[in-house]
Amino acid sequence: MFALVDCNNFYVSCERVFEPSLNGKPVVVLSNNDGCVIARSNEAKALGIEMGAPAFKFKREFEENGVHIFSSNYALYGDMSARVMSLLNEFTPEMEVYSIDEAFLSFSGFERFHDLRQIGIRMRTSVLKGTGIPLSVGFGPTKVMAKVANRIAKKFPDRTESVYLIDTQEKMVRALKWLKVEDIWGIGRQHGKRLKGIGVHTAWDFTQLSDDWVKKHMAVVGLRLKRELQGIPTLDLEEAAPKKNIACTRSFEQDYHRFDELKERVSTFAHICATKLRKQGSRCRSLNVFIMSNAFRRDRPQYQKSITVDLPFETNSSMELSHFAVDALRKIYREGYAYKRAGVIVMELAPEQHSQLGIWDNTDNRQNTLFAVVDRLNQALGRDKVKLASQDLGRTWKMRQESLSRRYTTRLSEIIDIYCR
DNA sequence: TCTGGGGTCCTAGGACCC
DNA sequence: TCTGGGGTCCTAGGACCC
């Protein structure tokens, strides 16, 4: 049996831990630049605020309904996530951290000696007590069924105590007939639309389709999904693996027109990618740079272009990557457009240890030592203490973050205040 | 005025090899 | 007129996830 454990409205729950007066009130968390709604409390969901809704369009609604707004605080969410995962890990060593707020746990064999429902309830209690974050837990014979069970636990918290177990044929059929086809994990908008078009409305209907149809229209991924929903496992827990691509991309808080302005940002994105590469112990062989104008402004001329370049050698040096990224930018930059978004993606990653050196044009090895020191300094003193000269030394831009909470758990100076009367 | 960011996997088709 | 057979690798695009 698999469990899928999921934190309820995770970002909102993190904020509420440190502001408990917000329990029971509508709360939303916004994306970078306070752009879109990316987390909602149940009360906010009930107000009809959609996931991904642009914040400016809902401004009035927020005010009228007293919705509490937070800018996203990834330092806080990342640290809270690590605490949750570490508590969950005590229940079984076999765990796959699937996302910042979700984990699959394998309990194969446990069902013979343990009451899985009780284990689920104990996980909830432990994490709630240890971190203040509420969970929903679903158990099923496959990963997809565990997802389904989790959905039921979340939908009916009172009846299930937020823990639901699918362990019999009847429960499986009942769950499948209840679940809408577009809500199946792995069925997105496109497939959902097509399936409904041919009269497939529930997960149960989907399992009744022929293998041929599924294979033809949804390839092997669809076929695996069908098996999983029939209770036949095709997906196993996945090992934590090094990333195959690493990206840093941003929308700007204002339009940029000049090459120099873009250059400054792209150089920073390359530096951030390089830092992530070094942290993972990888180097990259190629990188992609893209720039684009504001796609929402249909009234203005549009331009978007991306370019992938092979590097002459593998590297994770901020200086070298910044240099190559700016070179690439130069090739795609066109004057006369208002740029709104850009990014750097490093690709073809290889482990540092056995990297292939070229004969003629090797990276300068002294950079390894240099950036080891840079990383240490930035870690100890704050992220931007040491920068490249090509970066944003003037720091003319700043991310819009009007409602940022404190980094309660990772900065001593921002720790929660307790007042005694 | 204002619209996020970071990933993965799969397939078809073209280019190329012997 | 007629034009093999069997592979691999790469890329772009589509679909999905959180």
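Order of the sequence lines sets the chain letters (A, B, ...), proteins ahead of strands, with each chain counted from 1.
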Trainee: Would you say the side-chain atoms of A/Thr142 pair up with the backbone N or O of A/Glu228, donor to acceptor, closer than 3.5 Å?
Mentor: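 Yes, because the side chain of A/Thr142 sits within donor-acceptor range (under 3.5 Å) of the backbone of A/Glu228.
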
Trainee: Base, sugar-phosphate, or nothing for A/Lys243, non-hydrogen atoms under 4.0 angstrom?
Mentor: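 Touches sugar-phosphate only.
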
Trainee: Under a 3.5 Å cutoff on both atom distances, Watson-Crick or G-U, what's the dot-bracket for DNA chain B ([ ] crossing, | other strand)?
Mentor: ....||||||||||||||

Trainee: Assign A/Ile187 to base, sugar-phosphate, or nothing according to its heavy-atom contacts below 4.0 angstrom with the strands shown.
Mentor: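 Counting heavy atoms under 4.0 Å across all strands, the contact made by A/Ile187 is with sugar-phosphate only.
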
Trainee: When you check the gap from the basic side-chain N to the acidic O, do A/Glu348 and A/Lys243 get nearer than 4.0 Å?
Mentor: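 Answer for the salt bridge query: no.
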
Trainee: Taking salt bridge (Lys or Arg N to Asp or Glu O under 4.0 Å) as the test, write out the residues that go with A/Arg297, two or more places apart.
Mentor: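 Partners of A/Arg297 under the salt bridge (Lys or Arg N to Asp or Glu O under 4.0 Å) test: A/Asp299.
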
Trainee: Salt bridge or not for A/Arg265 and A/Glu253, using N-O below 4.0 Å?
Mentor: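 A salt bridge is present here (some side-chain N lies under 4.0 Å from a carboxylate O).
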
Trainee: Considering only the P atoms, how many Å lie between C/dC18 and B/dT3, rounded to the nearest integer?
Mentor: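 Roughly 25 Å separates the two P atoms.
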
Trainee: Name the nucleic acid region contacted by A/Leu223, choosing base, sugar-phosphate or nothing; use a 4.0 angstrom heavy-atom cut-off, strictly under.
Mentor: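 The answer is nothing, as A/Leu223 stays clear of every strand by at least 4.0 Å.
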
Trainee: Does A/Ser31 use its side chain to pair, donor to acceptor, with the backbone of A/Asp34 at less than 3.5 Å?
Mentor: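 The answer is no, because no donor-acceptor pair under 3.5 Å joins these two groups.
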
Trainee: Under 4.0 Å from a heavy atom of chain A: give me the 5'-most and 3'-most nucleotides of DNA chain B that qualify.
Mentor: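 Span of nucleotides near chain A: B/dC2 to B/dT11.
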
Trainee: Keeping A/Asn288 on the side-chain end and A/Val344 on the backbone end, is there a donor-acceptor pair under 3.5 Å?
Mentor: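 Not at all, since once roles are kept as given, no pair shorter than 3.5 Å links the two residues.
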
Trainee: Salt bridge or not between A/Glu261 and A/Arg258? Use side-chain N to carboxylate O under 4.0 Å.
Mentor: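 Looking at A/Glu261 and A/Arg258, the cut-off is met.
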
Trainee: So, does A/Ser81 use its side chain to make a donor-acceptor pair with the main chain of A/Tyr77 at under 3.5 Å?
Mentor: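 Here the side-chain-to-backbone pair does not exist.
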
Trainee: Describe the nucleic acid contact of A/Arg224 in one word from base, sugar-phosphate, nothing, applying a heavy-atom distance below 4.0 Å.
Mentor: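 Sugar-phosphate contact only.
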
Trainee: Between A/Arg297 and A/Lys244, which residue's closest nucleotide on DNA chain B lies nearer the 5′ terminus?
Mentor: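 On the 5' side of the pair lies A/Arg297.
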
Trainee: Using a heavy-atom cut-off of under 4.0 Å over every strand shown, decide if A/Lys147 touches base, sugar-phosphate, or nothing.
Mentor: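 It contacts sugar-phosphate atoms only.
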
Trainee: Just call it for A/Ile246: base, sugar-phosphate, or nothing, with non-hydrogen atoms closer than 4.0 Å on any strand.
Mentor: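 Counting heavy atoms under 4.0 Å across all strands, the contact made by A/Ile246 is with sugar-phosphate only.
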
Trainee: Starting at the 5' end of DNA chain B and moving along, which residue's nearest nucleotide shows up first, A/Glu238 or A/Gly52?
Mentor: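 Mapping each residue to its closest nucleotide by heavy atoms, the 5'-most match is A/Gly52.
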
Trainee: Main chain of A/Ile121, side chain of A/Glu161: is a donor-acceptor contact present, judged purely on distance under 3.5 Å?
Mentor: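 No, A/Glu161 side chain to A/Ile121 backbone: no donor-acceptor pair under 3.5 Å.
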
Trainee: With sugar-phosphate meaning primed atoms plus P, OP1 and OP2, does A/Asp101 contact a base, only sugar-phosphate, or nothing at under 4.0 Å between heavy atoms?
Mentor: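 Here A/Asp101 touches the backbone only, sparing every base.
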
